[in-house]
Amino acid sequence: MIVGIVGCGAIANIITNFALEGKLGVELRYFFDRDLERAENLASQINGKVVLNLEDMLEQVDVVIESASPLAVREIVPLILEKGKNVIIMSIGALMDQNLKEELIKKAKENNAKIYAPSGAIVGLDGIKAASIGHINKATLITRKPPRSLGIETDEEKILYEGKASEAVQRFPVNINVAAALSIACEIDVDVKIIVDPDVDRNEHEVNVQGDFGEFKTTTKNIRCSINPKTSVLAAYSAIKLLKGLNENFIVGT
């Protein structure tokens, strides 16, 4: 299975490192980024190929990883699906736009392609997806991050946002993919609180879900990526595990 990456930032760096060590389970070959130097740096590590146009990649790959931005989901993912290629979307916040989500699903069906949305930076999505078969009546997310992860400076703990996930992903598009992943898994617009806290050194996510299945709570304390503190290492790991699963014969979880 041949894989290409669109967006050569922190997540792409981690995935490339796994490919370099032979731990990816697929062949990572093509790289595309508007910053040509970033793409060249990654491609050179594994004897990969940089493409100047997305179309030059699409005829050669089986799967494309989008790890660029919500805007890339809107502009690039439709082109990938129209070519009948599967896509892994890391900027899942873009899918909180219901019209865009439905449009992409429609294109995927028309072209016999699949859209994958990894679990990202939280645990427990398998359980939430199972619970959504019944009725989920409440889901909340409290995200607590150090100032650097949010790109701000402060010496005090502050609540930056409290409201629905759909608005949170608009106000914090590169920081709150977790809220989108949780909402999509629950099939409801979850309640979100975002806190900046100078006393924490990790990106922390507390999830509470209640429904006819019962109730569960999870807490995830993520190590931040050294390349980009806005990105959690677990988010990249979730994409890597998904890639490996595409070629596995024994699958654990929903």
Side-chain angles (χ1 to χ4, degrees), residues 1-83 85-95 115-118 120-121 145-153 169 172-177 203 222-244:
M1 183 176 293
I2 299 175
V3 178
I5 288 184
V6 174
C8 297
I11 288 176
N13 269 267
I14 295 173
I15 294 173
T16 302
N17 286 338
F18 268 72
L20 185 61
E21 296 172 6
K23 298 178 180 179
L24 203 54
V26 295
E27 185 177 350
L28 178 59
R29 188 180 297 174
Y30 294 93
F31 297 82
F32 174 77
D33 195 292
R34 290 178 178 174
D35 185 334
L36 185 60
E37 184 177 353
R38 294 207 308 181
E40 289 175 339
N41 286 339
L42 288 188
S44 65
Q45 296 179 32
I46 58 170
N47 197 28
K49 183 176 181 180
V50 174
V51 295
L52 301 180
N53 298 294
L54 179 67
E55 290 78 7
D56 296 335
M57 175 195 298
L58 295 183
E59 296 296 337
Q60 311 299 327
V61 300
D62 300 297
V63 182
V64 178
I65 305 170
E66 175 283 315
S67 59
S69 68
L71 183 60
V73 176
R74 187 175 299 276
E75 294 182 348
I76 293 176
V77 171
L79 302 177
I80 297 170
L81 296 172
E82 286 170 4
K83 288 290 187 177
K85 305 299 182 177
N86 299 334
V87 60
I88 297 173
I89 296 178
M90 300 306 298
S91 305
I92 192 174
L95 300 183
I115 301 168
Y116 297 97
K145 292 190 174 187
R148 188 176 173 217
S149 288
L150 290 161
I152 62 177
E153 295 183 7
V169 297
F172 303 89
V174 297
N175 285 103
I176 202 65
N177 279 320
N203 299 330
N222 286 309
I223 299 295
R224 293 172 288 147
C225 180
S226 59
I227 298 172
N228 182 357
K230 296 178 182 179
T231 300
S232 296
V233 171
L234 184 61
Y237 285 0
S238 73
I240 292 167
K241 182 58 181 174
L242 194 159
L243 279 171
K244 291 172 67 68

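Owing to the predicted nature of the structure, the values given are computational and were not obtained by experimental measurement.
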Asks: With a 4.5 Å limit on heavy-atom distance, are the side chains of L243 and Y116 in contact?
Replies: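 They are not in contact (no side-chain heavy atoms under 4.5 Å apart), so the answer is no.
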
Asks: To the nearest 0.5 Å, tell me how far L81 CG sits from N86 CG.
Replies: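 Result: 8.5 Å between the selected atoms.
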
Asks: Among L20, T16, I14, find the residue that satisfies the side chain to side chain contact (heavy atoms under 4.5 Å, CB included) test when tested with F18.
Replies: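 By the side chain to side chain contact (heavy atoms under 4.5 Å, CB included) criterion, F18 pairs with just one of L20, T16, I14: I14.
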
Asks: With a 4.5 Å heavy-atom cut-off, do N13 and L42 have their side chains touching?
Replies: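 The answer is yes; the side chains approach within 4.5 Å.
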
Asks: State, to 0.1 Å, how close D33 and R38 come at their nearest heavy-atom pair, and which atoms those are.
Replies: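 In terms of heavy atoms, the two residues are closest at OD2-NH2, 3.0 Å.
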
Asks: Any sub-3.5 Å donor-acceptor pair from N222's side-chain atoms to A121's backbone N or O?
Replies: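 Flag set: sc N222 to bb A121 pair under 3.5 Å.
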
Asks: Please evaluate residues R29 and M57 with respect to the criterion side chain to side chain contact (heavy atoms under 4.5 Å, CB included), reporting the C-alpha separation (whole Å), side-chain torsions for both, the decisive distance (0.1 Å), and the verdict.
Replies: CA-CA 9 Å; R29 188 180 297 174; M57 175 195 298; over 6 Å; no

Asks: Tell me whether N203 contacts the main-chain N or O of R224 through its side chain, where contact means a donor paired with an acceptor under 3.5 Å.
Replies: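 Such a contact is absent between N203 side chain and R224 backbone.
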
Asks: Where the side chain of D35 meets the backbone of E37, is there a donor-acceptor pair that is under 3.5 Å apart?
Replies: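 Side chain of D35 to backbone of E37: a pair is present.
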
Asks: For the pair N53 (side chain) and E55 (backbone), establish whether a donor and an acceptor sit closer than 3.5 Å, ignoring hydrogens and angles.
Replies: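 Between the backbone of E55 and the side chain of N53 there is no qualifying donor-acceptor contact (under 3.5 Å).
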
Asks: Taking side chain to side chain contact (heavy atoms under 4.5 Å, CB included) as the criterion, tell me which of V26, I15, I65 meets it with I240.
Replies: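 The residue from V26, I15, I65 that satisfies side chain to side chain contact (heavy atoms under 4.5 Å, CB included) with I240 turns out to be I15.
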
Asks: When you compare the side chain of K145 with that of K230, does any pair of heavy atoms fall below 4.5 Å?
Replies: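 The answer is no, as the side chains (C-beta and beyond) never meet within the 4.5 Å cut-off.
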
Asks: Could you go step by step and tell me if Y30 and I2 meet the side chain to side chain contact (heavy atoms under 4.5 Å, CB included) rule?
Replies: CA-CA 8 Å; Y30 294 93; I2 299 175; 4.1 Å; yes

Asks: Taking V87's backbone N and O only, do any of them form a donor-acceptor pair with E66's side chain (distance below 3.5 Å, no angle check)?
Replies: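 Judged by distance alone, no pair lies under 3.5 Å.
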
Asks: For the pair K85 (side chain) and L79 (backbone), establish whether a donor and an acceptor sit closer than 3.5 Å, ignoring hydrogens and angles.
Replies: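 Looks like no, no N/O pair under 3.5 Å.
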
Asks: Do S67 and I5 have side chains that get closer than 4.5 Å, going by heavy atoms?
Replies: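 With C-beta onward as the side chain, the pair touches.
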
Asks: Is there a side-chain contact between I80 and L58, using heavy atoms and a 4.5 Å cut-off?
Replies: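 A side-chain contact exists here, since the closest heavy-atom pair is under 4.5 Å.
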
Asks: Please report the shortest heavy-atom distance between G7 and A12, naming the atom on each side.
Replies: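 Residues G7 and A12, closest heavy atoms: O-CB, 3.3 Å.
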
